[in-house]
Amino acid sequence: MTACQVVNPATAEVIRTVELTSAEAADAAIERASAAAPSWRAVAPGDRARLLRRFADAVDADLENLAQLEVANSGHPIGNARWEAGNVRDVLHYYAAAPERLIGKQIPVPGGVNITFAEPLGVVGVIVPWNFPMPIAGWGFAPALAAGNTVVLKPAELTPLTALRLAELAREAGIPQDVFQVLPGKGSVVGRRFVEHPAVRKVVFTGSTEVGKQIMAGCSQQVKRVTLELGGKNANIVFADADLERAAATAPYGVFDNAGQDCCARSRILVQAEVYDRFMELLEPAVKGVVVGDPGEESTEMGPLISAEHRASVAAYLDGAAPVAFTGSAPEGPGFWFPPTVVTPRDVTDPLLTEEIFGPIVAVVPFSDEAEAIALANDTEYGLSGSIWTSDVGRALRVSRGVEAGNLSVNSHASVRYWTPFGGFKQSGLGRELGPDAVEAFTETKNVFISTEGNR
Ligand code: NAD
């Protein structure tokens, strides 16, 4: 076994050493999960629901501890971290209602009775990125467990602490050890075993589009089920008829939340040309007002980036020709700090407008009319999310229908509500998480015909 050092990104200090799971240990865990699958699927729906609710209650009782762990491990502001832990609790409660509602159909056929069953898949492998360790884990494991599957979950190397705590809480709640296992380790070792081991029947992957393509290619070898939640290059479109004050005041939240390390970050702001100057005047104080600093402070709105390496990759985006319009503040000293930054690229092929930066940099560009706004918004390989600011309901609907993205908000930057579906168009992903239909994605439909006539 090798170990990795977990670093607090706000201080650059090592806070814990975590053992990394080897390929052999991952295989053994997958095999235990496979052995546990028949008894877990046989648990009566009401009892499975009760266990998930007890898990939710255990998360709730531990909410402050989980949130503080995430502050230390991920540098998320404490208010955000509490929301993230609360999201796991809520998602568990939401999917706890599913076991008793997983019903098949009776379809009329001549000569007999035809029924369908929604059957669990078996073992589900959940691979989680470092940017939202708790919610993204929950979006995978809660519906998978509810549908009667067992779960092996791999957190990102940089951020394993809350997932490990969630595994302890599951155990305290009475979920059997082999039904939900957390395996910290490398993607190229543990994640790879999820893709290659035949006992894993589905992989739920959230992460970069580049790795997502490898996962999809690997899963294709066994026609393994896969859900992919990948990158985004989302547009925040501001029309001249919008409430400009509100659009500008909320734009920093739309992109700088989680220091821009958010697949839904609106890292392009498209502004109708006639209000561009006014919008920039309003945006500047809003950006300068973002409170960046100690994530443990209640008033902090933005923390550090996850690592020195990631900060260097974000900073490299400023090496090009695009002018920096203005920046907010960031602390000096240890920790991987980067200020909220607004750039105004002149060229539509600038990487600032085409690549997922995953940091607190936003590019602002003008557009002339509705058609150009839609064309610019769609001029990307991604299609995850976006915002449309307008006071014209017809326009809001036309543009919503025109933008190729899975999650849009009008006069808002909300992207995630656990009871509504979430996922991407184009290279932002495959399949949907959350919402009422997510449980079905963890089942196979079996059709059974019973002859009543002795016919063939
Ligand atoms: P990443 O792709 O580098 O890693 C994601 C996870 O995959 C990690 O746990 C990693 O260990 C694992 N992994 C890496 N290589 C692997 C391999 N060959 N086989 C199996 N597993 C492997 O992504 P990241 O840097 O951790 O996260 C940032 C990315 O995640 C961004 O692109 C972001 O947009 C995306 N993301 C998407 C969503 C969404 O819901 N669409 C949500 C959050 C983050």
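Indexing begins at 1, ligand by ligand and atom by atom, following the structure's order.
Within 6.0 Å of NZ on K186 lie no more than 12 heavy atoms contributed by other residues, nucleotides or ligands. Heavy atoms of other residues, nucleotides or ligands lying less than 6.0 angstrom from CZ of R89 number more than 12. More than 12 heavy-atom neighbours from other residues, nucleotides or ligands sit within 6.0 angstrom of CE on M280.
Residue R192 touches ligand 1 through its backbone alone, judged by heavy-atom distances below 4.0 Å. Under 4.0 angstrom from ligand 1, the non-hydrogen atoms of F422 all belong to its side chain. Contact annotation: for V128 versus ligand 1, heavy atoms closer than 4.0 Å belong to the backbone alone. Using a 4.0 Å cut-off between heavy atoms, E157 contacts ligand 1 through its side chain alone, with no backbone atom that close. With a 4.0 Å cut-off on non-hydrogen atoms, F132 does not touch ligand 1 at all. Contact annotation for L230 and ligand 1: only backbone heavy atoms (N, CA, C, O) come within less than 4.0 Å of the ligand. At a heavy-atom distance under 4.0 Å, only side-chain atoms of Q214, from C-beta outward, approach ligand 1. Residue contacts with ligand 1 for Q261 are absent, since no atom lies close enough (heavy atoms, distance under 4.0 Å). When heavy-atom distances to ligand 1 are checked against a 4.0 Å cut-off, L158 has no atom that comes that close, whether in backbone or side chain. At a heavy-atom distance under 4.0 Å, only side-chain atoms of N131, from C-beta outward, approach ligand 1.
Among G406, S208, P133, the residue whose heavy atom sits closest to atom 2 (O) of ligand 1 is S208. Among G423, C263, P135, the residue whose heavy atom lies closest to atom 39 (C) of ligand 1 is C263. Heavy-atom proximity to atom 14 (C) of ligand 1, evaluated over T227, V190, L434, V211, is greatest for V211. Scanning S415, G187, A265, S428 for the heavy atom closest to atom 13 (N) of ligand 1 points to G187.
Judged purely by distance below 3.5 Å, without hydrogens or angles, the side chains of W130 and N73 never pair a donor atom with an acceptor atom. Between the side chains of R266 and S409, a donor-acceptor pair is found at a separation under 3.5 Å. No hydrogens or angles considered: nothing links the side chains of K288 and S329 as a donor-acceptor pair under 3.5 Å. For the residue pair K202/T227, the side-chain donor-acceptor check at 3.5 Å is satisfied.
Of the polar atoms of G185, none of the N or O atoms is found under 3.5 Å from an N or O of ligand 1, judged by distance alone. Close N/O approach between G191 and ligand 1 is not found [any backbone or side-chain N/O within under 3.5 Å]. Residue K154 has at least one nitrogen or oxygen atom sitting less than 3.5 Å from a nitrogen or oxygen atom of ligand 1, judged on distance alone.
Between the side chain of E440 and the main chain of D437, no donor-acceptor pair closer than 3.5 Å is present. The main-chain N or O of V71 is never found under 3.5 Å from a side-chain atom of N80 such that the two would form a donor-acceptor pair.
The ligand atoms of ligand 1 that sit less than 4.0 angstrom from a heavy atom of L384 are 41 (N). Heavy-atom contacts of I136 reach the following atoms of ligand 1: 42 (C), 43 (C) (cutoff under 4.0 Å). Of all the atoms in ligand 1, the ones that sit under 4.0 Å from a non-hydrogen atom of I215 are 19 (N), 20 (C), 21 (N).
A salt bridge is defined here as a Lys NZ or Arg NE, NH1 or NH2 lying under 4.0 Å from an Asp or Glu carboxylate O, and R165 with E168 meets this definition. The pair E64-R82 counts as a salt bridge, with a side-chain nitrogen and a carboxylate oxygen less than 4.0 angstrom apart.
Counting protein heavy atoms only, atom 7 (O) of ligand 1 is closest to F205 CE1, 3.1 Å.
Looking only at side-chain heavy atoms (C-beta outward), L228 and I215 come within less than 4.5 Å of each other.
Taking a 4.0 Å cut-off on heavy atoms, A156 registers as neighbouring ligand 1. Heavy-atom distances between V195 and ligand 1 stay at or above 4.0 Å for every pair.
For atom 4 (O) of ligand 1, the nearest protein heavy atom is 4.0 Å or more away.
Aromatic ring pairs are classed by plane angle as parallel below 30°, tilted from 30° to 60° and perpendicular above 60°; the pair W139 and F422 is perpendicular.
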